[in-house]
Amino acid sequence: MQQDSEKTTCDCEPMQNGEAMSPDVQDSKGSPGDEESQRAVPSAPPLPQETSPCPRPKLVFHTQLAHGSPTGRIHGFTNVRELYTKIAEVFNISASEILFCTLNSHKVDMQKLLGGQIGLEDFIFAHVRGETKEVEVIKTEDALGLTITDNGAGYAFIKRIKEGSTIDRIKTVCIGDHIEAINDQSIVGCRHYEVAKMLKEQTRGTPFTLRLVEPKKAFDMIGQRTRAPKSSEGKMVSGKETLRLRSKGSATVEEIPSEFEDKAIRKVDDLLESYMGIRDLELATTIVEAGKNKQNPDDFAEALDSVLGDFGFPDVFLFDVWGALGDVKNGRI
C-alpha cells in the first residue's frame with residue numbers, strides 16, 4: 001500500500017519558501033537595527049546581545065487513509081485532535097470520521113497504535129469509520145475480557161480481547177472496534193477508563209447491548225479478526241527523536257525514552273490494564289515522569305494527584321507503580 005502511495009502524492013499543505021518550523025517553534029527573525037545607530041561609534045563597549053535561536057525545520061509527516069488513498073502531507077499540529085483535523089483537511093473528510101491512527105502499517109495493529117509520540121520518520125495511517133453493528137452480551141463472569149483505550153479525541157475502542165473470555169466468544173467483536181454506545185446510551189466523548197468502568201458495572205447474567213463501529217478495511221483486510229499478541233507491545237516510535245503530543249500544551253521534539261523510561265512506561269501500562277482495564281502509553285508516560293525523581297511514595301502520590309487527580313487512582317495501584325519504578329531502577333525488571 002505504501003509502494004502505491006509513493007506514486008501519487010497530494011501535497012495539500014506545502015512547506016512555505018522551501019522550509020518550515022516545528023509546531024511548537026515560531027519563526028524567529030532578528031529585528032533590523034537602525035542604520036544610523038549602526039554607523040555611530042559607541043562611547044562604551046556594547047552590552048552582549050542575546051542570540052536568536054536558529055529556526056528548526058518544519059516537521060512534515062506523510063499520511064494515508066488505512067483502507068487506501070493517495071499520500072498527503074501534514075504539519076503544524078500540537079495534539080491528537082489537531083492531528084485528526086489536519087488529516088481530515090488533506091482528504092476532505094470530517095475529523096469525526098477518524099477512529100484512530102497507526103504508525104507505519106495500514107493494518108489494525110495495536111502494536112503500531114499512535115500514542116503520545118510520533119517518530120520523526122513515521123508514516124501515519126488513519127483508520128476511518130466503517131460498518132456499524134450491534135451485539136448482545138451476557139456477562140457470565142466478572143470480567144468481559146476487554147481492554148479499552150481511546151484515541152484522545154472522544155472515541156474509546158477495543159485494544160485487546162482475552163482469549164477464551166466472554167467477548168472472545170462473540171466473533172463479530174474485533175480489536176479496533178469503536179464502542180459507540182452501551183444499551184443505546186452514547187459514550188462518545190467518554191474517556192477509556194470511564195467506558196471500562198461502565199462495562200465492569202454491567203450486571204452479571206443480564207443481557208446488554210454494545211453498538212460498535214468497525215474501522216473501514218482495505219480488500220486484503222476483510223475477514224480478518226486481529227488478535228493482540230500476548231507479550232508486551234513493542235516500541236511505537238522510530239528515529240532518534242520523537243514528536244511528543246500532549247493533551248495540554250504544545251507538542252515538543254524530544255529524545256526517545258531512555259531504557260529505564262521505556263521499561264517503566266511499559267510496566268505501568270501493564271498495571272493500568274490490570275487495575276483499570278485500559279491501555280494508554282501517554283498516560284503511563286505521564287505517570288513515570290511524575291515519579292522518576294521522587295524520593296518516597298508520598299511525594300509521588302502528591303505529584304501524581306496534581307497532574308492526574310481526575311483519575312482517582314486507588315492507593316494500592318500507586319504503591320504497585322512506586323514498587324515497579326523501584327524495580328526498574330534497581331534492575332529487577
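This structure is a prediction, so every number in the text was calculated from the model and none was measured.
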CD1-CD1 distance between Ile175 and Ile161, expressed to the nearest 0.5 angstrom: 5.0 Å

Spacing of NZ belonging to Lys217 relative to SG belonging to Cys174, to within rounding of 0.5 Å: 5.5 Å

Close side-chain approach of Ile124 and Leu83, heavy atoms under 4.5 Å: yes

Single-linkage hydrophobic cluster Leu308~Phe319, side-chain heavy atoms < 4.5 angstrom: no

From CA spacing to verdict: side chain to side chain contact (heavy atoms under 4.5 Å, CB included), Thr85, Glu89: CA-CA 6 Å; Thr85 299; Glu89 289 172 355; 3.7 Å; yes

Donor-acceptor under 3.5 Å (Thr286 side chain, Glu282 main chain): yes

Reported OH-to-CD distance for the pair Tyr84 and Glu97, which is rounded to 0.5 angstrom: 13.0 Å

Lys294 to Ala303 - nearest heavy-atom pair and separation: CE-CB, 3.5 Å

Lys329 atom NZ, neighbour heavy-atom count above 12 within 6.0 Å: yes

Cationic N near anionic O, under 4.0 Å, Asp142 to Arg204: yes

Side-chain ion pair, Asp270 and Arg266, N-O less than 4.0 Å: no

Donor-acceptor pair, side chain of Asn183 and main chain of Gln185, under 3.5 angstrom: no

Nearest atoms (heavy-atom pairs only) where Ala324 meets Leu271: CB-CD1, 4.1 Å

Worked verdict on Phe77 versus Phe61 for ring-ring contact (aromatic ring centres under 6.0 Å, His included): CA-CA 10 Å; Phe77 54 90; Phe61 295 89; 5.7 Å; yes

His178 side, atom NE2; Arg211 side, atom CZ - distance, nearest 0.5 Å: 8.5 Å

Close side-chain approach of Tyr155 to Glu180, heavy-atom, < 4.5 Å: no

Test log, rule side chain to side chain contact (heavy atoms under 4.5 Å, CB included), inputs Leu318 and Asp315: CA-CA 5 Å; Leu318 297 180; Asp315 290 342; 4.3 Å; yes

Whether over 12 other heavy atoms sit under 6.0 Å from Asn92 CG: no

Gap separating the CZ atom of Phe125 from the OG atom of Ser105, nearest 0.5 angstrom: 7.0 Å

Glu134 and Thr209 side chains, donor-acceptor separation under 3.5 Å: no

Atom pair CE (Met276) and NZ (Lys200), whose distance is rounded to the nearest 0.5 Å: 9.5 Å

Carboxylate-amine/guanidinium contact Lys263 Glu259, below 4.0 Å: yes

Short side-chain to backbone donor-acceptor contact, Asp150 and Ala156, under 3.5 Å: no

Salt-bridge contact Glu273-Lys159 (side-chain N to carboxylate O under 4.0 Å): no

Criterion side chain to side chain contact (heavy atoms under 4.5 Å, CB included) on Val188 and Ser96, from CA distance to verdict: CA-CA 10 Å; Val188 173; Ser96 63; over 6 Å; no

Proximity of Phe157 and Phe100 rings by center, below 6.0 Å: yes

Heavy-atom side-chain contact between His75 and Val60 under 4.5 Å: yes

Connected via hydrophobic side-chain network under 4.5 Å: Ile138 and Ile167: no

Shortest non-hydrogen contact from Asn151 toward Val80: O-CG1, 3.1 Å

pair Leu325-Val288: side-chain heavy atoms closer than 4.5 Å: yes

Minimum side-chain heavy-atom gap Leu199-Leu210 below 4.5 Å: yes

Shortest non-hydrogen contact from Gly277 toward Ala196: O-CB, 4.1 Å

Whether over 12 other heavy atoms sit under 6.0 Å from Glu141 CD: yes

Side chain proximity check, His67 to His127, heavy atoms < 4.5 angstrom: no

Full working for side chain to side chain contact (heavy atoms under 4.5 Å, CB included) between Leu114 and Thr102: CA-CA 5 Å; Leu114 184 150; Thr102 49; over 6 Å; no

Pairwise side-chain contact, Thr71 with Thr63, heavy-atom cut-off 4.5 Å (strictly under): no

Expected output: side-chain His106 to main-chain Leu65 donor-acceptor under 3.5 Å: no

Side-chain donor/acceptor of Arg169 to backbone N/O of Gly164, under 3.5 Å: yes

Worked check of salt bridge (charged side-chain N to carboxylate O under 4.0 Å, His left out) between Asp280 and Arg191: CA-CA 11 Å; Asp280 189 328; Arg191 293 300 310 274; 3.6 Å; yes

Heavy-atom side-chain proximity of Ile278 to Thr147 below 4.5 angstrom: no

Salt-bridge criterion met for Asp327 and Lys267 (N-O under 4.0 Å): no

Over 12 foreign heavy atoms within 6.0 Å of NZ, Lys133: yes

Polar side-chain atom of Asp122 near backbone of Ile118 as donor-acceptor pair, under 3.5 Å: no

Ring centroid separation Tyr275 to Phe313 under 6.0 Å: no

Backbone N/O of Gln202 and side chain of Lys139: donor-acceptor pair under 3.5 Å: yes

N/O donor-acceptor pair under 3.5 Å between Asp177 side chain and Ile158 backbone: no

